[in-house]
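These notes are about the structure you will find just below.
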Amino acid sequence: MCGIIGYVGKRQALPIVLEGLTRMEYRGYDSGGVAIVGAETIQCIKAKGKVALLKEKCRLETIEGAVGIGHTRWATHGEPSERNAHPHKDCSGDIFVAHNGIIENYQALKEKLVRKGHKFVSETDTEIIAHTIEEYAKTEKDLSTAIRLALKDFHGAFGIVVLSKKHPGTLIAARFGSPLILGIGKDENIIASDATAILPLTNRVIYLNDGDMVVLSENGFEITDFKNGNGRQERKTTTIEWKSGSAELGGFPHFMLKEIFEQPQALRDTMRGRLLPDEGTVKFGGLKPFEERLRSLDSITLVGMGTAGFTCLAGEYAIEELAGIPARREVASEFAFRRSAPCKQGCLIAVSQSGETADTLNAIREAKRRGMLTLGIVNVTGSSIAREVDAGIYNHVGPETAVASTKASVSQVLLQEMFALYLARMRGLSKSEGQTIIKEMQKLPAYAEKILTSAGSIKRLAKKYKASRSFFCLGRKYNFSSALEGALKLKECSYVHVEGGNIAELKHGPISLIDKNFPSIVIAPKDSMYEKNKSSIQEIKARKGPVIAITTEGNKELEKIADTVLYIPKTLEMLTPILAFIPMQLFAYYLAVERGNDVDKPRNLAKSVTVE
Ligand code: F6R
């Protein structure tokens, strides 16, 4: 959601800024813009729509300068338009700002500034940042002092980058609630909201903290604390291990398909170095200091949003079944607004690919207020969630670029189940039971590879159902998670209406929708729920509803009942969602392609939802 980039160095800034914006396209946006400091003036170009259009507009101008900023905007205040696209400037045209996040008190600030004579041209909250800085700059000669004073006026979340004609050769950025990463190069420095935009230049980075302000020039940078006025700050430099090229298509037509096919490797990387087959358990380096607290947990709450939240539905079953600890999944946004009693022996597990989801961050903060231990299952290293939780487990699946989550989601389920096993072995699950589970986990990458060989037949299935306007996606127990996730994948990529649900609920109302034009996808592996799922499939068929069933290899019985049967290899019941997700991802992908949708960047969506 929104992308920020700023460059200062010896090279031409424009191509670097545009390349950075292209690499952040996956986050979701509706317009973009750049501002480059030239010899005499700042040139600002904006475009509604794709970065390609912005590039085209830039190509028609001569834009030279070694300092520049850029932004991709996902509309919050004001429609997507050129007028509302960032960067925004002050009245004098000296100060330009790009901003991620929301300034909650912008209306009151705007009224004050209008009374002082400031003229606004957009409907955004961002524009008040430029004007507030301008106001302070009237009395403060030093730009960083003016910005520091302005920042104190803002309530809400922001990551900003500012440039000024009067201070060429300098960029100033600040973070409070929205991520910013500083990339350290040789005779050049770069700041961005997303590491993928930095990687072509350097993999040496500093993750800024909330309250940090950084002044960058080609010769160096200085970080200070604008929130508490603590002066110069030292921050750790980190080397990012993701390769710049891992965010490229590598021959696939879309990132979503590439990432679906990366899942066998993603599962291997999730387990790498963590399974202890001889001991029948799992090790998580980051959890070591908390072992005593983990031993005495009396409850676990799993939170996430969207896909990440649905994976928690599999995690809660696994934790209860293996470790015997009461576990429940809650939608992160709702947990954050409950004010329940302190829960000092409880633990909150926040699941998030990006590590920046605002609702999930709020849940962590609420859990801390309750005295709970907070853990994170996060893919993006150095992200806000990774840094706010007491301890974390990284997915290690590399950058996920398509908006629709695929490889991160299977890894999220697997990690929750590995965590369940880790807890269970602390609480009396036998070594041999642990070893059986580990053996099955080790087979998952090969099983995923096998499922991917059915991509061709799933593509044909998508052609067959191309015209369907509504689907059910149903399952129960572990695969209730798969049902909700399958429904979400279809909705977000192919824009068809899909109701995901528990198949046991069908008879209690939803079955009235079933007719020959209302297909159902039913996840029915040969497990403890199989007979019940089979009866439900029969009830759907009795009402002439088409059924696509996902079941276990070797189970031919459903071929006599369902219209189409897709197979997943036989595994432990708790691991079935990891496999069941895959055919549904492929179906959603191919249906989206059939319908001519923008698969990697579905309309209205953002990869990283950094606002509540
Ligand atoms: C759907 C999808 C979203 C995310 C959700 C949480 O395919 O990707 O539903 O799962 O926005 O995002 P993270 O995992 O970054 O917290």
Side-chain angles (χ1 to χ4, degrees), residues 1-2 24 26-28 74 178-179 193-196 254-257 259-260 263 266 302-315 329-336 348-364 375-389 392-395 397-413 415-416 473 481-482 484-495 498 500 581-582 584-589 592 597-612:
M1 192 174 253
C2 299
M24 289 189 287
Y26 78 95
R27 293 170 68 100
W74 189 86
S178 288
S193 49
D194 193 312
T196 53
H254 298 101
F255 281 109
M256 183 175 174
L257 191 63
E259 287 160 8
I260 290 173
Q263 289 180 114
L302 300 136
V303 296
M305 295 303 290
T307 290
F310 297 150
T311 68
C312 299
L313 290 164
R329 168 258 186 178
E330 252 199 80
V331 179
S333 58
E334 304 313 297
F335 180 87
L348 178 107
I349 304 181
V351 181
S352 173
Q353 189 285 129
S354 63
E356 301 295 348
T357 300
D359 290 316
T360 311
L361 267 166
N362 286 344
I364 293 165
L375 304 181
I377 291 183
V378 177
N379 190 35
V380 178
T381 47
S383 57
S384 303
I385 292 179
R387 291 183 305 145
E388 283 208 21
V389 289
I393 306 173
Y394 282 120
N395 295 90
V397 300
E400 192 178 65
T401 301
V403 164
S405 186
T406 53
K407 64 176 177 176
S409 69
V410 293
S411 168
Q412 285 163 350
V413 177
L415 274 182
Q416 289 173 63
C473 191
S481 159
S482 314
L484 297 190
E485 170 54 8
L488 178 61
K489 261 331 59 109
L490 270 170
K491 276 184 247 198
E492 63 181 335
C493 301
S494 44
Y495 313 156
V498 191
F581 277 19
I582 302 173
M584 293 190 298
Q585 294 163 351
L586 286 166
F587 187 58
Y589 169 77
N597 298 349
D598 188 348
V599 186
D600 284 336
K601 296 177 214 98
R603 66 186 181 200
N604 305 336
L605 292 180
K607 179 68 180 160
S608 173
V609 185
T610 50
V611 294
E612 288 170 45

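In each ligand, atom 1 is the first atom listed, and ligand 1 is the first ligand listed.
Considering backbone and side-chain atoms together, Thr357 places an N or O closer than 3.5 Å to an N or O of ligand 1.
Counting heavy atoms closer than 4.0 Å to ligand 1, residue Lys489 contributes side-chain atoms (C-beta onward) but none from N, CA, C or O. Contact annotation for Leu488 and ligand 1: only side-chain heavy atoms (C-beta onward) come within less than 4.0 Å of the ligand.
The shortest distance between side-chain heavy atoms of Lys489 and Ser405 falls below 4.5 Å. Two residues are said to be in side-chain contact when any heavy atoms from C-beta on lie closer than 4.5 Å; Leu257 and Leu586 meet this criterion. Between Leu375 and Ile393, the closest side-chain pair of non-hydrogen atoms is not below 4.5 Å. For the pair Gln416/Ile349, no side-chain contact is recorded, criterion being any heavy-atom separation below 4.5 Å from C-beta on. Taking 4.5 Å as the limit, some side-chain heavy atom of Arg329 sits within range of a side-chain heavy atom of Val331.
Atoms of ligand 1 found under 4.0 Å from any heavy atom of Gly306, numbered from 1 in the order shown, are 9 (O). Each of the atoms 1 (C), 7 (O) of ligand 1 lies under 4.0 Å from some heavy atom of Glu492. In the vicinity of Val403, heavy-atom distances shorter than 4.0 Å reach the ligand 1 atoms 8 (O). Listed by number with element, the atoms of ligand 1 under 4.0 Å from a non-hydrogen atom of Ser352 are 13 (P), 14 (O), 15 (O), 16 (O).
The backbone N or O of Cys493 sits less than 3.5 Å from a side-chain atom of Asn597, completing a donor-acceptor pair. Without hydrogens or angle criteria, Thr360 side chain to Gly304 main chain gives no donor-acceptor distance under 3.5 Å.
For the pairing with Asn379, the side-chain hydrogen bond (donor to acceptor under 3.5 Å, both in side chains) check across Lys407, Gln412, Gln353, Glu400 returns one residue only, Gln353.
Checking Gly304, Ser354, Ala308 against atom 15 (O) of ligand 1, the nearest heavy atom belongs to Ser354.
Of the protein's non-hydrogen atoms, the one nearest atom 14 (O) of ligand 1 is Gln353 N, 2.6 Å. Ranking the protein heavy atoms by distance from atom 11 (O) of ligand 1 puts Val609 CG2, 4.1 Å first. Looking from atom 9 (O) of ligand 1 to the surrounding protein, the closest heavy atom is Thr307 N, 3.1 Å. Looking from atom 5 (C) of ligand 1 to the surrounding protein, the closest heavy atom is Met305 O, 3.3 Å.
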